[in-house]
Number of protein chains: 2
Amino acid sequence: MKKLLFHEIHQKSRLSIKEVNEALKEFELYSSQWSILFCLKQFGSMTQKEIWQYMNVEAPTVTRTIVRLEESGWIFRREGQDKRERIVQLSSFAEQKLPAIENRIRQAEERLVSGLSEEEQDQLIGLLRKIGMKSSDEKDVKNG
Amino acid sequence: MKKLLFHEIHQKSRLSIKEVNEALKEFELYSSQWSILFCLKQFGSMTQKEIWQYMNVEAPTVTRTIVRLEESGWIFRREGQDKRERIVQLSSFAEQKLPAIENRIRQAEERLVSGLSEEEQDQLIGLLRKIGMKSSDEKDVKNG
DNA sequence: TTATTTTATTTACTTAGGTAAGTATATGCC
DNA sequence: GGCATATACTTACCTAAGTAAATAAAATAA
């Protein structure tokens, strides 16, 4: 019987989270904390809204993770011009540690995809990106 | 900057869980409950161990979900020959409802992958299955 | 300027996953 | 048979993600 795509993605997602958490153990971080640190490393300081929009999660999820990252000294927050906003920034401790962590993560990821050729990896990412896009959206892209 | 595969899978996994949960609302089910029901529908009665092994999750995860499914009348459990085991079986209520639910799920999934051609969908599943397999395992497959 | 609505974040509560440790039954060895 | 070990499941506690509702600040309308 044909397995649903949903189950396949779900399983591999759990598997890779497990792998990433294992890799992060030595830095006392969890995968979702890493995701936010990685985001800040790419884009610099961001409001929480910018973070959850980019990561495609809900606001409360980011609040929780940010609070833990703040408590453990990876980030700090300051008020924006708009006093409702809170701008999140990497601590110098984080800036200093991040390159080694990214290395470690890429290493874990390489083990995960070691069964795929470079070409297959690119193909996979390309196909994943198409998920959740209606064919009409795709048309828009072509026309735009 | 190159996004990590891990993030891509993780995002699409959350997206499809959301979609599936939405589709399941009318049946008062959640995605993980559905996963177990689908499993039992495919294979018939199973021990909890068989379920968590097939689903690639840990035993406590299955315990929790099974308990909720039992409370809401979708499944029941009986003792096995081995009194440590608990054999899980679909209720007749579940047997009766499942076809409509599976239909609804396939419909949700179709919307998710409507941006991909049939061929791309097969490709995607094929590539996903290769994740987490070391190249040495692949060699074993070729030789076996 | 005051009242209403919108927006950014937080809090409370739910499901879902994990690890570690506890319990009860089976199995193996003496 | 009796004791040690292994196995199946459960319990307790952690992170992660979601929804709904609360709070506080900003923007808008009257």
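Fair warning: this is a prediction, and the values are worked out from it, not measured in the lab. Just so we're on the same page: letters track the sequence lines, and every chain starts at 1.
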Item to check | Touch class at under 4.0 angstrom, heavy-atom based, for A/Glu58 against every strand present | outcome: base
Checklist entry - Base, sugar-phosphate, or nothing: which does B/Gln81 touch, judged by heavy atoms less than 4.0 Å apart? => result sugar-phosphate
Next on the checklist: Quick check on D/dA17: is either OP1 or OP2 less than 4.0 Å from any side-chain nitrogen or oxygen of B/His10?
Outcome noted: yes
Next on the checklist: Below the 4.0 Å mark, does C/dT14 have OP1 or OP2 next to a side-chain nitrogen or oxygen of B/Arg68?
Outcome noted: no
Item to check | A/Lys130/B/Glu120 salt bridge by N-O under 4.0 Å criterion | outcome: yes
Checklist entry - Looking at A/Arg104 and A/Glu26, does any basic side-chain N land under 4.0 Å from a carboxylate oxygen? => result yes
From the set [options], return the single nucleotide nearest to any side-chain atom of [X].
X       : options                : result
B/Lys49 : C/dA16, D/dA8, C/dT10  : D/dA8
B/Thr63 : D/dT15, C/dG17, D/dC9  : D/dC9
B/Arg64 : D/dC9, D/dC13, D/dG18  : D/dC13
B/Ser32 : C/dT15, D/dG18, D/dA25 : C/dT15
B/Lys83 : C/dT25, C/dT9, D/dT15  : C/dT25

Please report the distance, rounded to the nearest Å, between [atom1] in [X] and [atom2] in [N].
X       : N      : atom1 : atom2 : value
A/Met55 : D/dA17 : CE    : P     : 6 Å
A/Glu79 : C/dA8  : CD    : P     : 15 Å
B/Glu85 : D/dT7  : CD    : P     : 13 Å
A/Trp34 : D/dA16 : CH2   : P     : 14 Å
B/Glu22 : C/dT14 : CD    : P     : 20 Å
B/His7  : D/dA16 : NE2   : C1'   : 15 Å
B/Leu69 : C/dA16 : CG    : P     : 9 Å
A/Arg86 : D/dT23 : CZ    : P     : 17 Å

Checklist entry - Is it the case that one hydrophobic cluster holds both B/Phe6 and A/Phe43, taking links as side-chain heavy atoms less than 4.5 Å apart, direct or via other members? => result yes
Checklist entry - Mapping A/Ser31 and A/Arg84 to their closest nucleotides on DNA chain D, which lands nearer the 5' end? => result A/Ser31
Checklist outcome for this item: The answer to which of B/Thr61 and A/Arg77 contacts DNA chain C further toward the 5' end, by nearest nucleotide, is A/Arg77
Item to check | Contact nearer the 5' end of DNA chain C, comparing A/Lys18 with A/Gln48 | outcome: A/Gln48
Checklist entry - Counting distance only, does the side-chain N/O of A/Thr47 pair as donor-acceptor with the main-chain N or O of A/Arg86 below 3.5 Å? => result no
Checklist entry - Going by atom types only, do B/Arg78 and B/Gln89 share a side-chain donor-acceptor pair under 3.5 Å? => result yes
